[in-house]
Each structure stands twice: as structure tokens, then as C-alpha cells.
There are 2 protein chains.
Amino acid sequence: MTAFLPTKPATLHDVAKAAGVSLITASRALGNPGIVSEKTRVRVEQAVEATGYIPNLLAGGLKSKRSRMVAGIVPALSVSQFLPTVQTLTAALHEEGYQLLLGQTFYDAEREEEVLAAMVSRQPDGIVMMGLVQSERARERLRRLRVPVVETWDMSDRPVDMVIGFSHLKVGSALAGYFLAQGYERIGIATGSDHRAMQRREGFLAAWGRDVPTAVVPAPSTLERGRLALGELMERQPGLQAVMCSSDMLAHGILVEARARGLRVPQDLAVTGFGNAEFGAHMVPSITTVHVDGPEIGRLAAHLIMDRCRGVASAQTRHDLGFHLIERGSTAQP
Amino acid sequence: MTAFLPTKPATLHDVAKAAGVSLITASRALGNPGIVSEKTRVRVEQAVEATGYIPNLLAGGLKSKRSRMVAGIVPALSVSQFLPTVQTLTAALHEEGYQLLLGQTFYDAEREEEVLAAMVSRQPDGIVMMGLVQSERARERLRRLRVPVVETWDMSDRPVDMVIGFSHLKVGSALAGYFLAQGYERIGIATGSDHRAMQRREGFLAAWGRDVPTAVVPAPSTLERGRLALGELMERQPGLQAVMCSSDMLAHGILVEARARGLRVPQDLAVTGFGNAEFGAHMVPSITTVHVDGPEIGRLAAHLIMDRCRGVASAQTRHDLGFHLIERGSTAQP
DNA sequence: CTGTTAGCGCCTTCAC
DNA sequence: GTGAAGGCGCTAACAG
């Protein structure tokens, strides 16, 4: 009946007219079907079909103050560490009619502020950060904003709002404990330069008790940089027995370089990674690593934010998901 | 002066009052500084500082019909193939004050329609798809919408709107040509089940001239599945000499499994991948692969969409970026 | 260069 | 259960 050429997209007003009800009734039939009569609801739904109506969520958000968008901020999309988290976050939000706005900081505090400002302008119902918010100014602004903020992949006594993650210091000390138990003495560290990797190094050193030659590689952590790191460490530490790496890809590079130099792993050189990437479990030798439940971080972040939006906030602001060490062939004989 | 407690966030109205100008002048001072007087601009900027004003882009978008958001849709974030594209897309959009809304289809046509509908409700100024839009219904809807749509990582005679990519058929036939030139005879294919990988297989078979044993692995393509695929292919093709893989990670799995079985690469078994992942260049042996300029796809997509928004659209709707084969150690002696 | 007027499309508040 | 106003925050379109 109202099948005009779609010169102008249909608005709720058109739907209401087609259904013979008022605008607000049409709105309720779609947004809160329980409170209108069955008959009305059906007629409105038919009118939606007939008009090809697509709701404008921007307009809805303007009045209702709920944009149904969540900002998700990563250092860079190429940091594969965070991908499972972003994936489940996006999927869980989608289930509830929320969408993710993606931003990248490139490990730069200034860009972080810029990206956060850009996100905030879009009135997100929540903000999920991979890592802690670096800039103190940004932390302060976010606090004032009264928007749920979830920092992830780290732990803090003083989060902006909520935090889901684990202690990188403890990961480091757990690895040091493992190295000690294995009896390694001349060791090295190959690490990315980001805050979290450096925290793991700190934790390692604290438990290890003395300084350790360290090759710091710029982001992103690639296989090639792992290879170069081994070269550097072997020069600096004669008789190198074991290397702790800040990612599985760096560890992979160490394995490749070790083989190229004729070193047997783990007999001549032991290697550990971080992140439990899929490939590490199935290589030969497989890579000893630290596992963190990345997907769960994303799911939990989504739910914490959506609960806040619904007003069913829990008091718990710190969620420590822990980690565990997975011993594999790169440090131990099968 | 107006440093009240931030009970209500400042609006442009507050800024205008603080600056002693009208609302619209304040709007122009921020959105189009060139057309107001220097003095006015400075006063408005000071008022912004004083009030802590943060623009509400939702409200602006409602009136101006420009949301300054672009939808970016991937099969899944874990498909690392697309990451460089999404990364540059997001970054290029950010430069111009646009943000990316992220969606995932999980290779499912129904979810694709769902995600597109959700995105469209947010009034994006453009839509970037990784891959072609599958569902015919969704294609038709997108056409009506009069929103710039860029399909990527593929080529089509009949894109919804614009397409940036290359021909997967040609990639396949190029690989077959290479296999023929190398003199391989008993070969196999290990491939993901997605449309693009299957197109490469089709192209390969067409140029190869006869059927080839194929191990189809479910998404995502992992190292483990590569290992399993080699087992399957060796059973089905005695004397296997070479395997074409649909991704570098699958090829990596083949290499691992080959070594585990005591096969030398490339002497006993040659392997090719796809995507030119960083690790493939630096492993030993390095992986022969097909390179595609993923970052450029993202940049170009961003610019095509932003040009359309500015009305400076070019007539070219198909952008074939091509590809090239990179010969490395997994098929050739150094 | 600046201001007034009139909405964008929807949802909240209050009536009926 | 339904409806009539009014306004969310901002910006096009005209005027001055």
C-alpha cells in the first residue's frame, strides 16, 4: 500500500501512519512490546515490513542517553594477544544489540587521549581498554564521565573504574620460580617494550634475585625480532641456557634462530613464551608458555558494562582471572 | 568562572553563553573555524576549556545526516589475513575524525544480514566488507541504501558498489603455473573452506588441468590443522611432492608435520602458503607465498568512502590491486 | 561575519 | 493501553 520508491527512508512516523496508531505507540510496540496490546503489536510489525523501516539508533540514543555502543581500545590490532578478547567482546555485545567502536593507541599516550576523546564524543555506554589507561589526564577525565570503564589484561589497585585481568608481576615471578626449579643459571630475557611485558620482567627479576641480560625489541613482536634477540643475548651471555620471551612469537623466533645455530631445544637452550598462541602448542618442540583466558576477559567486560547500563551493578571492581604456566617441549623433555 | 561541579556535562549552549555568542556561532567556531572572526574563535575556544565541553557527535549526526562512523565487517577477528587492512582502515578514518564500528559474520550469511542491519541502524557513512557480501538479500538492501559500500579482498564484476582487491582465481592459476614450471607432479591442496580460498583452488585446478587431492580444513586455519592436512594428503596421494595451502599458517603446519615425518623441505616436499605473514619470511625454510597489499586495501577503502562523503567521488568502482608470488625456501633452494 | 528559526528521529513525561 | 506535547544537542537554511 505504501510501497513508494524509497526516496526518503521510512521513519517511525511513517510506520505509525501505516499502522494507524500514534508515533509513540509504534515506538513502544518495537522497543517494549510487552506493554502494548497484541493486536497493536502485530499491526505495527506489519507496517514495519511494508515501509521497510530501519530504526535510527542515533536519534534514539540522543533522547534516551543510551547509545548502545561500547568503545574498545587496543594498542594496535596487530597485537594478536588481544584478538580473542576483542572477538568475544564484540560478539557478546552484538547479542544484546550493542556495537563496538574500535580505536587504536599505538602505545602512545597522546594518541590514547586523542582516541578516548573521539570515542567519548560518540557517547559510548562503556569503554573497554586493553591494558590500563596510561595518561593520568585521561584517567581523571574518564572518572568524571560516569561511564563504565573496564581496563583489562592487567591488574591495578586503583583502576579508573573496573579492571579484569591478572598480575604481570606474578607471571614474571612464576616464570622465575620455574627457571630456578629447572636449574637454569645463565639466562636471558627477550621482551617487547610495552608496559605489561616490562612488568613481567620486573616480576621475574625480583624473584630471580639478580640482573638478567635483556634484549628489548620494539613493537610489534615478530619472529624476526626474536631471531635477532637471540643473537644479541648470546653475545651478552656466554653459555646461555634459557630465555624468557614476552610473547610466543618471539619465542618462535628464538627457536628458529637456535636451530639455525645448531642448538638443540631444550637440551642446549630452553625457551618460554607468553600468551598460549595456537601455533605454540603444535610446533616441534612445542612452546612452554603462560596461558591467560583472553576470551573470558572479553565476555566478562561486555557483561559488566551491560549490567551497569541496566543498573544491576555489582560492587566488585577488580576481577583477577589469574593465569597458568603450561610446560611444554621447549623447556622439558616429553 | 563557570567551574561548577560537573553535574551535567556542558553543551554547546553553555559554551555559547560563556563566550557571549550565539549557539550557532559557537558551532561554527568549532566545526568550520575559517568562517568566523579570529576574535570569536579564540573566545569560543576559551569557553570550551572553561566549561570542559565535549561535543556530542550523535546529536550533530542526527541533523547533518553524517554520523562520521564507518562500519567494518570481518568474518572473524581471528582471521589474521584481514588485520592489516582493518588496522590501516581504522587509522585512516581516525585521521579524518571518523570511527570504525566493528562487526563479525563468522562466515554465516544469516549473521551477516543481522550484523549489517545492526550497522545500518547506526547510520554509518560507509560500509567496508572484508570479502564480498554473500547474501543476495543483503546486497539488494545495501544498494537501496545509497551508502558507500566497499567490498574488499576479492574482485567482482558486479559489486554492490565499490570493490578493492584482486582475483583469487588468478592467484590459483598463478600458483598452478608455478607448480608446473617446477615440475611437480603428485601434489595436494590444503585449504580453508571459505569462498575465497575455494576460488583459489578453482583457479588452480583450471590451470592444472586435472583434479587434485584436497584436504579441506574448517575455519580458522591453524597450525594444527595444517599438520593434520598433511597426514590426510599423504594417505591420499602416495609420493606427494608439493602442497598448495590457503594460508601461511596452514603451510607452517605442513612444514612442522613434514619435519616430524623426516621429510626434507623442499627436496622431499614443497609447500606454498598465502598472505605473506611476517613469520613466513623468517622461518627456516622460509615459506613461498602470495603477497597482497592488505594495508593499502584499508587505506584506499577509507579514502574512497571519505571522498564520497565529500562529494568528490571517482567513477572507478573496481580497484584491482593485484598480487605477487614470493618464491622462498619452501619451494626452492637458496 | 553573525543570528534567528526550524527541525533531524526518537523517547521521556505526563495526561487520558 | 494509548496519546499529545516537549525536548535531547546540534546544525542546515535562510536572513541580517
Side-chain angles (χ1 to χ4, degrees), chain A residues 6-44 47-48 51-69 97 120-125 145 309 311, chain B residues 6-44 47-48 51-69 97 120-125 309-311:
Chain A
T7 40
K8 296 275 178 193
T11 71
L12 194 52
H13 182 240
D14 303 321
V15 173
K17 221 163 44 181
V21 298
S22 77
L23 191 122
I24 183 58
T25 301
S27 171
R28 287 196 272 244
L30 299 175
N32 201 346
I35 68 165
V36 299
S37 71
E38 177 69 13
K39 199 160 49 176
T40 306
R41 193 178 54 71
V42 172
R43 289 178 59 193
V44 171
V48 167
T51 54
Y53 171 67
I54 297 170
N56 181 332
L57 261 36
L58 294 194
L62 184 56
K63 183 71 190 177
S64 67
K65 302 278 182 199
R66 303 179 69 238
S67 65
R68 297 185 150 266
M69 295 192 296
V120 167
S121 289
R122 310 226 108 101
Q123 321 289 119
D125 289 348
L145 219 58
C309 293
Chain B
T7 40
K8 295 273 177 195
T11 71
L12 193 52
H13 182 240
D14 302 322
V15 174
K17 220 163 46 181
V21 297
S22 76
L23 188 81
I24 184 63
T25 301
S27 170
R28 287 196 274 243
L30 299 174
N32 202 346
I35 69 165
V36 300
S37 74
E38 177 69 12
K39 199 160 46 174
T40 306
R41 192 178 54 72
V42 172
R43 289 177 57 192
V44 171
V48 167
T51 55
Y53 171 67
I54 297 170
N56 181 331
L57 262 37
L58 293 195
L62 184 57
K63 181 70 188 177
S64 68
K65 303 276 182 200
R66 303 178 70 236
S67 65
R68 297 186 147 265
M69 295 192 296
V120 166
S121 288
R122 310 226 108 99
Q123 320 290 120
D125 290 348
C309 292
R310 295 191 203 101

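Just so it is clear, the values below take in all heavy atoms, side chains as well, and ignore hydrogens, waters and symmetry mates. Here is how names work: the chains are called A, B, and so on, in the same order as the sequence lines, proteins then strands, and each is numbered from 1.
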For [X] and [N], what is the distance between atoms [atom1] and [atom2] respectively, to the nearest whole Å?
X       : N       : atom1 : atom2 : value
L30(A)  : dC10(C) : CG    : C1'   : 11 Å
R68(B)  : dG9(D)  : CZ    : P     : 21 Å
I54(B)  : dC10(D) : CD1   : C1'   : 16 Å
N32(B)  : dC1(C)  : CG    : P     : 11 Å
R122(A) : dC8(D)  : CZ    : P     : 21 Å
I35(B)  : dG16(D) : CD1   : C1'   : 15 Å

* N/O donor-acceptor pair, side chain R41(A) with base dG1(D), under 3.5 angstrom ->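 A donor-acceptor contact between them is absent.
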
* To do: Mind grabbing the angle between the end helix axes of the helix from dC1(C)-dG16(D) to dC16(C)-dG1(D)? Five pairs an end, 10° rounding.
  => 30°

I want to verify a distance call: between [options], whose nearest atom is closest to the [X] side chain?
X      : options                   : result
S64(A) : dC14(D), dC10(C), dC11(C) : dC11(C)
T11(B) : dC10(D), dT2(D), dG9(C)   : dC10(D)
T25(A) : dA13(D), dG9(D), dG3(D)   : dG3(D)
V36(B) : dG6(D), dT2(C), dC10(D)   : dT2(C)
I24(B) : dT4(C), dC10(D), dG3(D)   : dT4(C)

Side-chain N or O of [X] less than 4.0 angstrom from OP1 or OP2 on [N]?
X      : N       : result
S27(B) : dC10(D) : no
K65(B) : dG9(C)  : yes
S37(A) : dT2(D)  : yes

Within the structure shown, what part of the strands sits under 4.0 Å from [X] by heavy-atom distance: base, sugar-phosphate, or nothing?
X      : value
L12(A) : sugar-phosphate
L23(B) : base
L57(B) : nothing

What closest approach, in Å, do [X] and [Y] show between heavy atoms, and which atom pair accounts for it?
X       : Y       : result
V15(B)  : T51(B)  : CG2-OG1, 3.6 Å
L30(B)  : Y53(B)  : CD1-CE2, 3.7 Å
M69(B)  : R122(B) : CE-O, 3.5 Å
L12(B)  : L23(B)  : C-CD1, 3.7 Å
S121(B) : I54(A)  : OG-CG2, 3.8 Å
K65(A)  : D125(A) : O-OD1, 4.2 Å

* Toward the 5' end of DNA chain C, which comes first, L62(B) or T40(B), by nearest nucleotide? -> T40(B)

* Asked: Taking for each residue the nucleotide of DNA chain C bearing the nearest heavy atom, is the 5' side occupied by K63(B) or by H13(A)?
  -> K63(B)

* Main-chain N/O of A59(B) paired with N56(B) side-chain donor or acceptor, under 3.5 Å -> yes

* Asked: Would you say the side-chain atoms of S67(A) pair up with the backbone N or O of Q123(A), donor to acceptor, closer than 3.5 Å?
  -> yes

* Asked: Between R28(B) and L58(B), who's closer to the 5' end of DNA chain D by nearest nucleotide?
  -> L58(B)

